[in-house]
There are 2 protein chains.
Amino acid sequence: MRPLVHPSIEDITVEGILHALSDPVRAAIYAELAVSSGATCSNFLKISDRDIPKSTLSQHFRALREAGLIRSERYGVEMRNSTRCEEINRRFPGLVMAIMQAHQVQAAERLQATKRKPATRKKAG
Amino acid sequence: MRPLVHPSIEDITVEGILHALSDPVRAAIYAELAVSSGATCSNFLKISDRDIPKSTLSQHFRALREAGLIRSERYGVEMRNSTRCEEINRRFPGLVMAIMQAHQVQAAERLQATKRKPATRKKAG
DNA sequence: TCCTGTAGTTCGTAACTTATGAACTATAGA
DNA sequence: TCTATAGTTCATAAGTTACGAACTACAGGA
């Protein structure tokens with residue numbers, strides 16, 4: 001098993017951060033880690049009623065880690081993950097916070113929309 | 001030729017914005033449009049010493065447009081583009097500004113690095 | 001030491017996305 | 001109409017992502 005890759009702070013790129021957080025599953029994982037540091041990979045096998053296969057989850061964690069957004073450490077059989085938000089915020093002030101806030105705005109809007117018409121799932125046309 | 005697609009403000013997603021701006025060419029185009037509204041597609045055939053084929057450019061403009069980041073209008077033979085930053089900022093306050101600022105921080109750092117060792121082009125290892 | 005269970009990774013491949021040259025449409029002006 | 005300019009679309013090659021199956025890694029027994 002190859003060792004975990006954590007880029008040093010100066011190797012983290014804006015492109016990498018945006019790409020990593022442009023995926024809704026990864027954004028949800030990151031948001032959760034921001035409030036519950038130390039969560040493991042398998043804490044996310046279900047994300048908002050959706051089952052995520054563990055191989056897929058593992059890839060998502062790798063993407064977040066290699067973008068520099070999270071730090072993963074092995075404790076016995078499991079991996080504890082935490083965000084690197086302080087470091088990143090020092091280098092790119094306000095970036096990650098603005099992204100997470102925007103995701104929250106959108107989540108709140110979607111919740112409202114679901115309340116208004118519960119049984120419909122809309123498709124872009 | 002199919003008509004230009006501009007999503008309405010409520011159909012713009014955070015994922016879409018992040019994905020669109022996670023590409024360095026598109027981020028550069030957007031940054032330039034933010035200061036010089038009305039620029040055309042072929043104003044960008046060269047981006048920081050790199051030649052971009054016009055079919056590729058056309059796709060990048062489409063990506064920005066369909067993510068809701070820019071508005072394109074035909075004037076005679078050319079397309080004038082402008083950002084939709086005010087609308088977006090109303091819905092996702094601070095998001096686009098934070099991203100552009102982060103891109104600027106990174107560009108400034110890269111300029112510094114180039115000055116220090118001019119002939120080297122580094123590769124991630 | 002071996003067995004079993006749990007946590008996560010890697011591999012192979014199918015599905016999707018992106019980049020680009022060639023051929024096209026659209027418009028302006030002579 | 002002819003020519004030039006601006007941009008789009010198409011076909012396809014190259015790259016990326018998702019996920020099941022098979023794997024590694026570790027802990028706690030027996």
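Nothing here was measured: the structure is a model prediction, and the numbers come from that model. So that the names make sense, note that chain A is the first sequence line, chain B the second, and so on, each numbered from 1.
L21(B) contributes atom CG, which lies 10.5 Å from atom CD of E15(A) (distance to the nearest 0.5 angstrom).
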_Within the 4.0 Å limit for protein heavy atoms, which parts of nucleotides 24-30 of chain C are touched? Write it as a string from 5' to 3', B for base, S for sugar-phosphate only, - for none._
-BBBS--

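In this model, the phosphate group of dC19(D) is approached by a side-chain N or O of T56(A) to a distance below 4.0 Å at OP1 or OP2. A sub-4.0 Å separation between OP1 or OP2 of dG7(D) and a side-chain N or O of H60(B) is absent. Applying the 4.0 Å criterion to OP1 and OP2 of dT9(C), one finds that S58(A) has a side-chain N or O inside that range. Contact annotation: H19(A) side-chain N/O to dT17(D) OP1/OP2 distance is under 4.0 Å.
Spacing between atom CZ of F44(A) and atom C1' of dG8(C) amounts to 14 Å, rounded to whole angstrom units. Between the CZ atom of F61(A) and the P atom of dA7(C) there is a distance of 13 Å, rounded to whole Å. What separates CG of L57(A) from P of dT9(C) is a distance of 10 Å, to the nearest Å.
Closest approach to the C41(A) side chain among dG20(D), dG8(C), dA18(D) is made by dG8(C) (side chain taken as heavy atoms from C-beta onward). When distances are taken from the side chain of S42(A) to each of dA21(D), dT8(D), dA7(C), the shortest belongs to dA7(C). For T40(B), counting side-chain heavy atoms from C-beta on, the closest listed nucleotide (dG8(C), dT9(C), dG7(D)) is dG7(D). Among the nucleotides dT9(C), dG7(D), dC19(D), the one closest to any side-chain atom of Q59(A) is dC19(D).
In summary, E10(A) and R91(A) do not engage in a salt bridge, as defined by a charged side-chain N under 4.0 Å from a carboxylate O. E87(A) has no carboxylate O lying under 4.0 Å from a charged side-chain N of R90(A), or vice versa, which leaves the two without a salt bridge.
For the 3.5 Å distance criterion, the side chains of S82(A) and R71(A) fail to qualify, holding no donor opposite an acceptor.
Residue D51(B) is out of contact with every strand shown, counting any heavy-atom pair closer than 4.0 Å. Nucleic acid contact for R62(A): none, since no nucleic acid atom lies under 4.0 Å from a heavy atom of the residue.
Counting heavy atoms from C-beta outward, P7(B) and R84(B) have side chains that approach closer than 4.5 Å.
L33(B) and L4(B) are members of different hydrophobic clusters when ILVMFWY side chains are connected at heavy-atom separations under 4.5 Å.
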